Structures are given as C-alpha cells and as structure tokens.
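A short worksheet on the structure shown next.
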Amino acid sequence: DLESGTFTVEYDATPQGNNIDSLFTLSDGTAAAYADNAVLVRFNSLGNIDAYDYDNYYAENTIPYTTSTEYHFRVEIDIANQMYSAYVTPSGGNEITRGTD
C-alpha cells in the first residue's frame, strides 16, 4: 500500500564533475518546488553527498564524491510517517548511512 506503507528505491549515479550541484528527487507527480518532493538527495557543490530533511540539507556522515565514480543509492521510504533514510555505496566500497528518518 503506497499510501501508508514503506518501500525501497535503489539507483546508481556517477558525477561527471567536481563540486557540482546535482539533485535526485522522488515525488508523487510533477514537482514545481522543493516542498513538492518526498525525497531529495544530491551531489553538492562542496564535493559531498547530502539530502534534504525538510528544513535544510544534512548528512549524518560526511560522504565525499569523486568524478567518474559510480555510487549506488538505497532509499527506504516510510510514507505513513513521512520519513526516509538514505544509504550510499561508493563503487567497490561499503554502504554508508547518509541519514536516517
């Protein structure tokens, strides 16, 4: 039940530059503003991976990214509680918690 349950989304992304500002989002339709998205994860302009927590961008752990390296993202979404947790695995590395709830 996507209105009250939980689900997981996984995807891979490879930054094509250093200190870029590239955003990955999930929404329930077309998003015209940040508030229209349920999940926002990005490669930020400081060279790290972070996510939006409905107030500002945040990272539980500092996760730097490197140009042309593939990163695997796993996002667990809890619709009923309007929360998500994000995890990142650098190519050849171990999964790192980006942020929970």
Side-chain angles (χ1 to χ4, degrees):
D1 177 5
L2 288 182
E3 291 189 25
S4 62
T6 60
F7 64 98
T8 300
V9 173
E10 295 189 42
Y11 60 93
D12 297 319
T14 304
Q16 296 302 308
N18 291 318
N19 302 328
I20 60 176
D21 190 14
S22 183
L23 188 63
F24 308 93
T25 67
L26 292 173
S27 67
D28 183 20
T30 302
Y34 284 116
D36 296 336
N37 292 287
V39 174
L40 295 101
V41 178
R42 72 177 176 169
F43 294 120
N44 73 30
S45 60
L46 298 175
N48 297 308
I49 299 169
D50 59 14
Y52 198 68
D53 71 359
Y54 299 101
D55 288 321
N56 53 50
Y57 282 96
Y58 166 80
E60 196 167 296
N61 294 297
T62 300
I63 305 170
Y65 64 84
T66 304
T67 300
S68 300
T69 297
E70 183 176 271
Y71 295 85
H72 181 78
F73 292 83
R74 181 171 61 88
V75 182
E76 296 177 351
I77 301 158
D78 180 345
I79 294 173
N81 293 304
Q82 297 183 347
M83 295 187 294
Y84 68 95
S85 298
Y87 307 90
V88 179
T89 305
S91 181
N94 296 316
E95 183 175 81
I96 304 166
T97 302
R98 196 291 318 145
T100 55
D101 301 328

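Note that the structure is a prediction, hence the values are computed from the model and not measured.
Looking only at side-chain heavy atoms (C-beta outward), L26 and N37 stay at 4.5 Å or farther from each other. Using a 4.5 Å cut-off on side-chain heavy atoms (C-beta onward), N61 and R98 make no contact. The side-chain heavy atoms of Y71 and T66, taken from C-beta on, include a pair separated by under 4.5 Å.
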(Q) Using the rule given for side-chain contact (heavy atoms from CB on, under 4.5 Å), can you reason through N48 versus I63, listing the C-alpha separation, both sets of side-chain angles and the distance that settles it, and then say yes or no? (A) CA-CA 5 Å; N48 297 308; I63 305 170; 5.9 Å; no

Q.
Could you walk me through whether F43 and I49 satisfy the side-chain contact (heavy atoms from CB on, under 4.5 Å) test, starting with their C-alpha distance in whole Å, then the side-chain angles of each, then the deciding distance to 0.1 Å, before giving a yes or no?
A. CA-CA 5 Å; F43 294 120; I49 299 169; 3.7 Å; yes

Q: Report the C-alpha separation of E76 and T6 in whole Å, then their side-chain angles, then the decisive distance to 0.1 Å, and conclude whether the side chain to side chain donor-acceptor pair (under 3.5 Å) test is met.
A: CA-CA 7 Å; E76 296 177 351; T6 60; over 6 Å; no

Q. Stepwise, does the side chain to side chain donor-acceptor pair (under 3.5 Å) test hold for S45 with N19?
A. CA-CA 4 Å; S45 60; N19 302 328; over 6 Å; no

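At a threshold of 4.0 Å, the pair E95-R74 counts as salt-bridged, since one of the basic side-chain nitrogens sits closer than that to a carboxylate oxygen. Note on D21 versus R42: salt bridge recorded, some NZ/NE/NH1/NH2 to OD/OE distance being below 4.0 Å.
The two atoms that bring A32 and D36 nearest to each other are N-OD2, 2.9 Å, heavy atoms only. Here the shortest heavy-atom pairing between P90 and N94 reads CD-O, 3.5 Å. The two residues V41 and F73 have their closest heavy-atom pair at CG1-CE2, 3.7 Å.
At most 12 heavy atoms of other shown residues, nucleotides or ligands fall within 6.0 angstrom of atom CG in D28.
Placement of Y87 and V39 in two distinct hydrophobic clusters is found when ILVMFWY residues are connected by side-chain heavy-atom separations under 4.5 Å, directly or transitively.
A donor-acceptor contact shorter than 3.5 Å links the side chain of T67 to the backbone of N18. A donor-acceptor pair is defined here as one N or O able to donate and one able to accept, closer than 3.5 Å; such a pair exists between the side chain of Q16 and the backbone of T14. Side-chain atoms of Y84 come within 3.5 Å of backbone N or O of L40 as a donor-acceptor pair. Y65 contributes a side-chain N or O that, together with a main-chain N or O of N44, makes up a donor-acceptor pair within less than 3.5 Å.
Taken to the nearest 0.5 Å, the CE atom of M83 stands 5.0 Å off from the CG atom of D78. To the nearest 0.5 Å, atoms CG (L23) and CG (D50) are separated by 9.5 Å.
Taking the centre of each ring, F24 and Y11 come in below the 6.0 Å mark.
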